[in-house]
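One structure is given below, encoded as structure tokens.
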Amino acid sequence: METVKIDLNKETDDSYDIFIDSFLFDGLADELKRKPAANSYAVITDSNVGKIYGKKLLKNLQDDEINSHLISFSAGEKSKSRKTKERIEDEMLRLGLGRGTCIIALGGGVVGDLAGFVAATYMRGIPYIQVPTTLLAMADSSIGGKVAVDTPHAKNSVGSFHQPKKVVIDINFLKTLPKKEIANGLAEIIKHALIKDKDFFHFLEKNIDGILKCDLEALKQAIKRSCEIKADIVAEDEKEKGLRKILNYGHTIGHAIESALKYGISHGEAVAVGMCCAAKLAAKKGFLDEGSVIRQNNLLDHAGLPHKLSHHKLKPKIILERIKYDKKIINGRINFVLLNSIGNAFVSDDVTLEDIKKILEEQ
Ligand code: ADP
Ligand code: ZN
């Protein structure tokens, strides 16, 4: 037998920077003129962000004589589909955009995930820049390179890992963001503090009122620390083989609630309820003290996030059914993220469906 080895064991450097400030958006076109990332740009955005910011970015790019196009789709999670991906790709092909194109993902998590996934497969992969416009995308989803679309089967069920070339966070975008989207993003920021940094948790306790009033300095600090925590975890475990799993704190139950309610609840609200259940479970198992559970829940409360599904009628059995479909179940046991103190999370393989059922029944 003849053997030919394909030697692909080479080092790649996908490192990138996250820039955080006010007024970065206004300078983006000039920055790309000075330091081009490609020879043409496709700005992908949704209908809301397109109206407020997309047209302006396109004008700035074209004023700088940069070859650029604006592609927009209807706002909302429903658009995060294979169908929209296909439409965007067809439009890019029709425009004759080749491998020398860079995508600018301008919008919230929906835009980032979808545009990032287009970038991952278009012409077998082209570069993209994340320009997140929601708090959730700034503090969480625009970092880490997880890109995907939803299918009728499950959220984010078809996707890839594709890191952006850079992330440009302009805090000023938050001035036009609806208030409920601020709470949505805060759930992930609080999660980052809970799993990794007790000082940051304390900062959030002290500054939550300012953040809710859109105090840009407090928001900037919260976003920066949130990005650092996520960046550290992703740098250590890009493909979620181990450590990255702690980012799923509150998400096993959270995802199940979202899916059982057919996404009639925001991601942040569902994750907040998930974190409350997880904290209760950790206390019950003797890992976490009651005082910490109360502190966690108080901060969520302050942020306008729920502890319970009080106004939604959901039977624990239905949530459990959804968890059973969760990809994190191995040999009947669940990889479940618990806290042993504020700022310290670990993945437990000791949690059973029965444990979760009891917690849900106590809700
Ligand atoms: P997420 O980032 O939570 O995944 P989406 O991408 O669905 O959320 O965005 C939430 C909603 O907010 C969408 O309707 C989107 O069009 C809108 N949106 C996003 N960014 C802004 C902004 N800066 N100002 C106003 N509306 C925005
Ligand atoms: Zn999340």
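These figures come from a predicted structure and were not determined experimentally. We're numbering straight along the sequence, starting at 1.
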Shortest non-hydrogen contact from [X] to [Y]?
X      : Y      : value
Ser142 : Ala137 : OG-O, 2.7 Å
Gln221 : Phe203 : CB-CZ, 3.5 Å
Ser141 : Gly109 : OG-CA, 3.6 Å
Ala75  : Ser47  : N-OG, 2.9 Å
Tyr53  : Phe25  : O-CZ, 3.3 Å
Lys146 : Asp113 : O-OD1, 3.8 Å

Measure from the side-chain N and O atoms of [X] to the backbone N and O of [Y], and report whether any donor-acceptor pair falls under 3.5 Å.
X      : Y      : value
Lys191 : Tyr249 : no
Thr84  : Ser79  : yes
Asp21  : Leu24  : no
Ser157 : Ala154 : yes
Gln62  : Asn67  : no
Ser68  : Tyr41  : no
Asn248 : His251 : no
Gln296 : Met275 : yes
Asp355 : Thr352 : yes
Asp197 : Ala193 : no

Is there side-chain contact between [X] and [Y], with heavy atoms separated by less than 4.5 Å?
X      : Y      : result
Leu106 : Ile44  : no
Thr134 : Asn184 : no
Ile334 : Thr252 : yes
Lys166 : Gln130 : no
Leu309 : Ile265 : yes

>> Set out, in order, the CA-CA distance, both residues' side-chain angles and the distance that settles salt bridge (Lys or Arg N to Asp or Glu O under 4.0 Å) for Arg82 and Asp150, then state yes or no.
In response: CA-CA 7 Å; Arg82 287 180 286 201; Asp150 304 334; over 6 Å; no
Do other residues, nucleotides or ligands put more than 12 heavy atoms under 6.0 Å from the [atom1] atom of [X]?
X      : atom1 : result
Lys196 : NZ    : no
Glu65  : CD    : no
Lys165 : NZ    : no
Lys33  : NZ    : yes
Lys284 : NZ    : yes
His307 : NE2   : yes
Lys317 : NZ    : no
His69  : NE2   : yes

Give a yes or no on whether a salt bridge exists between [X] and [Y], defined as a side-chain N under 4.0 angstrom from a carboxylate O.
X      : Y      : answer
Glu31  : Lys35  : yes
Lys56  : Asp26  : yes
Lys245 : Asp237 : no
Glu361 : Lys358 : no
Lys180 : Glu269 : no
Arg34  : Asp30  : no
Glu91  : Arg94  : yes

> Using 30° and 60° as the class limits, which term best fits the ring planes of His162 and Tyr128: parallel, tilted or perpendicular?
Replying inline: parallel
>> Please determine whether salt bridge (Lys or Arg N to Asp or Glu O under 4.0 Å) holds for the pair Arg295 and Glu205, giving the CA-CA distance in whole Å, both sets of side-chain angles, and the decisive distance to 0.1 Å.
In response: CA-CA 9 Å; Arg295 257 180 98 188; Glu205 285 179 321; 2.8 Å; yes
> Picking from Ile229, Ile169, Ile20, what satisfies side chain to side chain contact (heavy atoms under 4.5 Å, CB included) with Lys224?
Replying inline: Ile20
>> Which residue is it: Ile356, Ile359, Leu360? I am looking for the one with a side chain to side chain contact (heavy atoms under 4.5 Å, CB included) to Pro316.
In response: Leu360
> Relative to Phe117, does Lys85 satisfy both conditions: NZ or CZ under 6.0 angstrom from the six-membered ring centre, and within 45 degrees of the ring's axis?
Replying inline: yes
> Under 4.5 Å between side-chain heavy atoms, hopping through other hydrophobics if needed: is there a path connecting Tyr122 to Val147?
Replying inline: yes
